[in-house]
*Asks:* 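So that we are looking at the same thing, I have put the structure below in structure tokens.
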Amino acid sequence: MQQCQYLEGVMNMNKDNEFNILFTSSGRRVSLIKLFKEVYHTNNISGKIITADLKNSAPSAFISDKHYIVPRVDNGNYLLELLKICEKENINLVIPLIDTELLLLSENRHLFEELDVKLFVSGTLLNEIACDKVKTYQFFKENNIETPKVFSNEELTEKIYEFPLLIKPYNGSSSKGVTKVHTEKELSFFKDYIANSIVQEFIEGIEYTVDVMVDFYGNIKTIVPRRRIETRAGEVSKGITKKDIDIIHAVEKVINVLPEPIGCLTLQCFKKDNGDITFIEINPRFGGGIPLSIKAGANFPLWTINSTKGEKFLEEDFSWKENLTMLRYDEAIFIERLRDVN
């Protein structure tokens, strides 16, 4: 297990001993924020949960204790605005909730550490691997981890492949642009139509999303495989927890070779009919279906807080419930006027 080098000792809590979290790109992640607030209440933890997003109409803005409007992640002032919030609100921990800011934050960790703020973000190299599907493929191959083949331009020219194939953006997320093709005509069209596309072997089997909790030293607390029953817009809408030992051991192998894993990581894999496990993605953040793992008893919110305070995970915890099923549905927030923001 690789050990993170930049955490030494227990963090200094702010003077009033509160623990304040900033969730960035909070958007629609209402369930996750509610679960964190429940942990605050049941464990008598004092502090605030702050959210930040592009819009004051983000549903999470009406669940958090305070909400801030910030620029887009690619705006030059984005980091500055986050740092201002951290200083103003005595933030202890920043938790990003979308892929596009993970690399930016990991590269600028030192700016937050100067304010004694921790980032729930893995190391820069891991985020470089995760945000580029070609690099993800190369990482899996170099570490003898089974993964669908990504075809080179030469192999495509020589037609060294069999249909069906999968085409997707190398830097995509939430299944945007993912297209299954069955013919040469479809392959030719979608390879040009989908920006930054890669062509990949199509894999059949049972799809799993796996939530993993890792402390700041690289120690695993738990691994929770969730079988994907149904998805919508690339995010699981129906799922069930499974204590599949083969998947747990395979995921542990992946985590053990990742460079500087920190916090919640979400891996996606297929289990084939012959029992082989094939990995397709690494998402080093809280996934959209994480409420299922938390409700099953994997206390990601409390472990997040404890690890930020300096706790090392010396014992793994697999006491979470198997076969807990989540059936997600839309829920509305009704307001007479938009909430004032800072």
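All values below were derived from every heavy atom in this structure, side-chain atoms included, with hydrogens, water molecules and symmetry-related copies excluded.
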*Asks:* Would you mind checking if Glu81 and Lys84 are paired as a salt bridge, meaning a charged N to carboxylate O distance below 4.0 Å?
*Replies:*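 Yes, this pair counts.
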*Asks:* Under a 4.0 Å threshold between the charged nitrogen and the carboxylate oxygen, would Glu101 count as salt-bridged to Arg72?
*Replies:* no
*Asks:* Test Phe139 against Tyr137 for ring-ring contact (aromatic ring centres under 6.0 Å, His included), laying out the working first.
*Replies:* CA-CA 5 Å; Phe139 170 81; Tyr137 169 71; over 10 Å; no
*Asks:* Within the 4.5 Å heavy-atom criterion, are Leu32 and Phe23 side-chain neighbours or not?
*Replies:*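 The answer is yes; the side chains approach within 4.5 Å.
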*Asks:* Which heavy atom of Ile91 sits nearest to which heavy atom of Val117, and what is that distance?
*Replies:* O-CG2, 3.2 Å
*Asks:* Considering all heavy atoms of both residues, which atom of Ile255 and which atom of Leu265 are nearest to each other, and what is their separation?
*Replies:* CD1-CD2, 4.4 Å
*Asks:* Test side chain to side chain donor-acceptor pair (under 3.5 Å) on Ser293 and Asp211 and set out the steps.
*Replies:* CA-CA 7 Å; Ser293 293; Asp211 298 317; 2.6 Å; yes
*Asks:* With heavy-atom distances below 4.5 Å as the criterion, would you say the side chains of Val254 and Ile145 are in contact?
*Replies:* yes
*Asks:* Using the six-membered ring wherever Trp is involved, compare the ring planes of Phe279 and Phe140 and label them parallel, tilted or perpendicular (cut-offs 30° and 60°).
*Replies:*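 Taking Phe140 first and then Phe279, their aromatic rings sit tilted (interplane angle of 30° to 60°).
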*Asks:* If the test is side-chain contact (heavy atoms from CB on, under 4.5 Å), which one of Leu105, Leu104, Leu103, Ile129 qualifies with Thr124?
*Replies:* Leu103
*Asks:* Would you say that Tyr40 contacts Ile21 through its side chain, given a criterion of any heavy-atom pair below 4.5 Å between the two side chains?
*Replies:* yes
*Asks:* Provide the full list of salt bridge (Lys or Arg N to Asp or Glu O under 4.0 Å) pairs with a residue in residues 158-171, sequence neighbours left out, each pair given once.
*Replies:* none
*Asks:* Does the side chain of Leu165 reach to within under 4.5 Å of the side chain of Lys180, using non-hydrogen atoms?
*Replies:*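 Contact flag for Leu165/Lys180 side chains = no.
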*Asks:* Would you say that Thr222 contacts Val212 through its side chain, given a criterion of any heavy-atom pair below 4.5 Å between the two side chains?
*Replies:*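 Answer no - side chains too far apart.
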*Asks:* Minimum heavy-atom separation for Cys264 and Phe120, please, with both atom names.
*Replies:*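 So the two residues come closest at N-CE2, 3.6 Å.
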*Asks:* Do the charged groups of Glu230 and Lys238 touch, with an N to O distance under 4.0 Å?
*Replies:*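 The answer is yes: the pair qualifies as a salt bridge.
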*Asks:* Tell me whether the guanidinium CZ or amine NZ of Lys295 lies under 6.0 angstrom from the six-membered ring centre of Trp320 and within 45° of its axis.
*Replies:* no
*Asks:* Could you check if a side-chain atom of Cys131 sits within less than 4.5 angstrom of a side-chain atom of Asn171, using non-hydrogen atoms only?
*Replies:*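 Sidechains of Asn171 and Cys131: no contact.
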*Asks:* Checking Asp244 now: which residues fulfil side chain to side chain donor-acceptor pair (under 3.5 Å) with it, not counting sequence neighbours?
*Replies:*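 Asp244 satisfies side chain to side chain donor-acceptor pair (under 3.5 Å) with Lys271 only.
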*Asks:* Show me the donor-acceptor pairs within less than 3.5 Å that the side chains of residues 298-306 make with the rest of the protein, sequence neighbours left out.
*Replies:*
{"from": "Asn299", "atom 1": "OD1", "to": "Leu302", "atom 2": "N", "distance (Å)": "3.2"}
{"from": "Thr304", "atom 1": "OG1", "to": "Phe300", "atom 2": "O", "distance (Å)": "2.7"}

*Asks:* Report yes if some heavy atom in the side chain of Phe313 is under 4.5 Å from a heavy atom in the side chain of Tyr217; otherwise report no.
*Replies:* no
*Asks:* Ring of Phe112, cation from Lys118 - is the NZ or CZ under 6.0 Å from the centre and inside 45° of the axis?
*Replies:*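 No, Lys118 and Phe112 do not form such a contact.
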*Asks:* Enumerate the residue pairs fulfilling side chain to side chain donor-acceptor pair (under 3.5 Å) with a member in residues 28-39, sequence neighbours excluded, ordered by first and then second residue.
*Replies:* Lys37-Asp65
*Asks:* Arg228 vs Thr209, test: side chain to side chain donor-acceptor pair (under 3.5 Å). Steps then yes/no.
*Replies:* CA-CA 7 Å; Arg228 292 167 73 117; Thr209 300; 2.8 Å; yes
*Asks:* Charged N to carboxylate O below 4.0 Å: is that the case for Lys66 and Glu89?
*Replies:*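 Here Lys66 pairs with Glu89 in a salt bridge, since their nearest N and O are under 4.0 Å apart.
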*Asks:* May I ask you to test the Val178-Leu166 pair for a side-chain heavy-atom distance under 4.5 Å?
*Replies:* yes
*Asks:* If we ignore hydrogens and angles and just use 3.5 Å, is the side chain of Arg109 paired with the main-chain N or O of Ser122 as donor and acceptor?
*Replies:*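 Yes, Arg109 side chain to Ser122 backbone: donor-acceptor pair under 3.5 Å.
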*Asks:* What pairs with Ser319 under side chain to side chain donor-acceptor pair (under 3.5 Å), at least two apart in sequence or on another chain?
*Replies:*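 Side chain to side chain donor-acceptor pair (under 3.5 Å) list for Ser319, sorted by chain: Asp317.
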*Asks:* With sequence neighbours excluded, give me every salt bridge (Lys or Arg N to Asp or Glu O under 4.0 Å) pair touching residues 182-192.
*Replies:*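 Sorted pair list comes back empty.
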